Structure formats: structure tokens, C-alpha cells
Amino acid sequence: MTRAHHTTTATRTYIERLRQKGHRITPQREMILEALLASSAHITAEEILAAVQTHTQAINIATVYRTIDLLFKEGIITRVDLGGERIAYTTVRHGTHVHLVCRRCGRVIEADHAVLGMLGVQVRQRYGFAVDLEHIALFGLCRDCQQTGEQLAD
Ligand SMILES: [Zn+2]
Ligand SMILES: [Zn+2]
């Protein structure tokens, strides 16, 4: 299914913010932003590329990565490393949450941000550092893998 190229209000808001900061806005950058906003939650660089390619072939993965980098630095998107080369991006509109990633089976549990408790406050108090906790991944072992862990031969 091919979707007609259409600029949404949210995209225009972010484009305007980028413009005000003096960034050059290309149609490709706009389409990358739209792909990010259109995804229900997380999207990978390859998925962004595929989405933009439904509109134009004048795009490559390097352009996607450069734009992602810009959007990340400008605080428009967040990224999370889910292990196994799975890097997922989402716009800040998606809201705060934590991913619990099982390092053995790869299962990902989306957890409430409240589990982080006072972490942000304590890091700021002790180190004067404002840590980005809106979107993070914590690695460990899921309940199933903890139970089977001791019986594994390898
Ligand atoms: Zn597991
Ligand atoms: Zn996430």
C-alpha cells in the first residue's frame, strides 16, 4: 500500500523548531520525521528508510542516520538499544517508559517509568548531571530464564 505524501501538523511543528535553530530542511528530513511520527511506537533506521522509499528513491541509509542524529541532539526523538543490534527510535510524544530486556531470550517487557524511582534526582544531586531517563533499556534475565538458568548445560 502506498500512502500519499502528506505533512501532518506534528511534523510541521518539529520542522519549525528545527528551522528556528538554523537547520536546513530537506524533503527527505521531513519524510524521515513523518515516518517516525507515523509509527505507533518504535521504529528502526531500516524501517524509516523503507517508509521514505515509498515516496522517493532519493534517500539512503546514511541520510537516515544523519537525520536521526540531528533529531536526537535536538531532543525530538529518543533512542533505545534493545541489544542484538536492535536500536529503536521513537518521538518524545510517545512518552516515558523503560524496556526490560532479557539478555538470554531477548524478550522485551515495557515497564512503567515509576520503577526508576529517585534515580534521576539522586544522579543530579550527587553528580550535578541531568540524566535522560525518558526512554531507557535495562538488561537482565526474565523470570523464565532465571528459573531455567541453573539447569542449562552451557
Ligand atoms: Zn528470558
Ligand atoms: Zn521504548
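Read the numbers this way: they start at 1 and go in the same order the structure lists the ligands and their atoms. Values in this document were obtained by computation on a predicted structure and should not be read as measured data.
Here the options are Ile68, Thr90, Val92, the test is side-chain contact (heavy atoms from CB on, under 4.5 Å), and the partner is Ile77; only Ile68 passes. Here the options are His135, Glu134, His113, the test is side-chain hydrogen bond (donor to acceptor under 3.5 Å, both in side chains), and the partner is His97; only His135 passes.
Taken to the nearest 0.5 Å, the CG atom of Leu37 stands 10.5 Å off from the OG1 atom of Thr9.
At the Zn ion (ligand 1), the vertex angle linking SG of Cys102 with SG of Cys145 is 110° (nearest 10 degrees). With the Zn ion (ligand 2) at the apex, His97 NE2 and His42 NE2 define an angle of roughly 110° (rounded to 10 degrees). Remark: at the Zn ion (ligand 1), atom SG from Cys105 and atom SG from Cys142 enclose 110°, rounded to the nearest 10 degrees.
Restricting His135 to its N, O or S atoms, the one at the least distance from the Zn ion (ligand 2) is NE2.
We find that Arg17 and Glu74 are not joined by a salt bridge, their nearest charged nitrogen and carboxylate oxygen being 4.0 Å or further apart.
Under 2.8 Å from the Zn ion (ligand 2) lies an N/O/S atom of His99, whether from backbone or side chain.
When atom types are taken as modelled, the side chain of Arg86 and the backbone of Gly83 share a donor-acceptor pair closer than 3.5 angstrom.
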